[in-house]
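To keep things clear, I will list the structure first and then write my remarks on it.
As the structure is a prediction and not an experimental result, all values here were calculated from the model. These numbers come from the heavy atoms of this one structure, side chains and all, not from hydrogens, waters or symmetry mates.
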Amino acid sequence: MNVYDLAHQLARSLNESQEYLEYKKAKETIKQDPQVEKMLKDLRAKQIEVQALSISGKPIAEAQKSLENLYNIAINNSLLRQYLEAEERFAVLFTDIQNIIMKGIEFDIDTEDE
């Protein structure tokens, strides 16, 4: 079997994984409630704002506090909490697979000058 066939097989396996199916279901549930969907969009926008401030070297304390407040509100909403938990479980699975592949091919980013 060639590497592309294996990649397609892996993608199908991910699509059928419990983690992905739960994430997909939680995402659909969120889409059915406009208020909860807006809360998620606001949370994501604030996360991006904090990341952008951090990358640019600007102070993030105020934005970080606002993000924490939004997150605390989000996790008190059962639909949003379920979504965020499902998203995290799928992200862990996906990261684990990326790490397995990277270790398997001994991919190493050389940061030292030669």
*Could you tell me the separation between the CG atom of Leu67 and the CD1 atom of Ile60, rounded to the nearest 0.5 Å?*
9.5 Å
*Would you give the length of the straight line joining atom NZ of Lys38 to atom CG of Asp33, rounded to the nearest 0.5 angstrom?*
13.0 Å
*Could you grab the distance from atom OG1 of Thr95 to atom CE of Met102, nearest 0.5 Å is fine?*
12.0 Å
*Looking at Leu70, Ile30, Ile73, which hits side chain to side chain contact (heavy atoms under 4.5 Å, CB included) with Met39?*
Ile73
*Sequence neighbours excluded, which residues qualify as side chain to side chain donor-acceptor pair (under 3.5 Å) partners of Arg44?*
Gln47, Glu87
_Looking at every non-hydrogen atom in both residues, tell me the closest pair between Asn72 and Ile75 and how far apart they are._
O-CG1, 3.5 Å
*asked:* Less than 4.5 Å apart, side chain to side chain, heavy atoms only: is that true for Asn15 and Leu21?
replied: no
_Enumerate the salt bridge (Lys or Arg N to Asp or Glu O under 4.0 Å) contacts for residues 6-26, please, sequence neighbours excluded, ordered by first and then second residue._
Glu22-Arg89
*What's the spacing between Glu37 CD and Leu79 CG if we round to 0.5 Å?*
12.0 Å
*Is Leu93 reachable from Ile101 through a run of I, L, V, M, F, W or Y residues, each pair having side-chain heavy atoms under 4.5 Å apart?*
yes
*If you round to the nearest 0.5 Å, how far is CD of Gln64 from CG of Asn69?*
10.5 Å
_Once you measure the plane-to-plane angle for Tyr83 and Tyr23, does it fall in the parallel (<30°), tilted (30-60°) or perpendicular (>60°) bin?_
tilted
*Starting at CD1 of Ile97, measure out to OG of Ser17 and round the result to the nearest 0.5 Å.*
7.5 Å
*asked:* Same cluster or not: Leu10 versus Phe94, using hydrophobic residues (I, L, V, M, F, W, Y) connected whenever any side-chain heavy atoms lie under 4.5 Å apart?
replied: yes
*May I ask you to check whether over 12 heavy atoms, not counting those of Gln98, lie within 6.0 Å of atom CD?*
yes
*Looking only at heavy atoms, which two atoms of Ala74 and Leu84 are closest? And how far apart?*
CB-CD1, 4.3 Å
*Do the charged groups of Asp42 and Lys46 touch, with an N to O distance under 4.0 Å?*
no
_Shared hydrophobic cluster, Tyr20 / Val92 (ILVMFWY, side-chain heavy atoms < 4.5 Å)_ = no
*Under 3.5 Å, is there a donor-acceptor pair between the side chain of Ser13 and the main chain of Gln9?*
yes
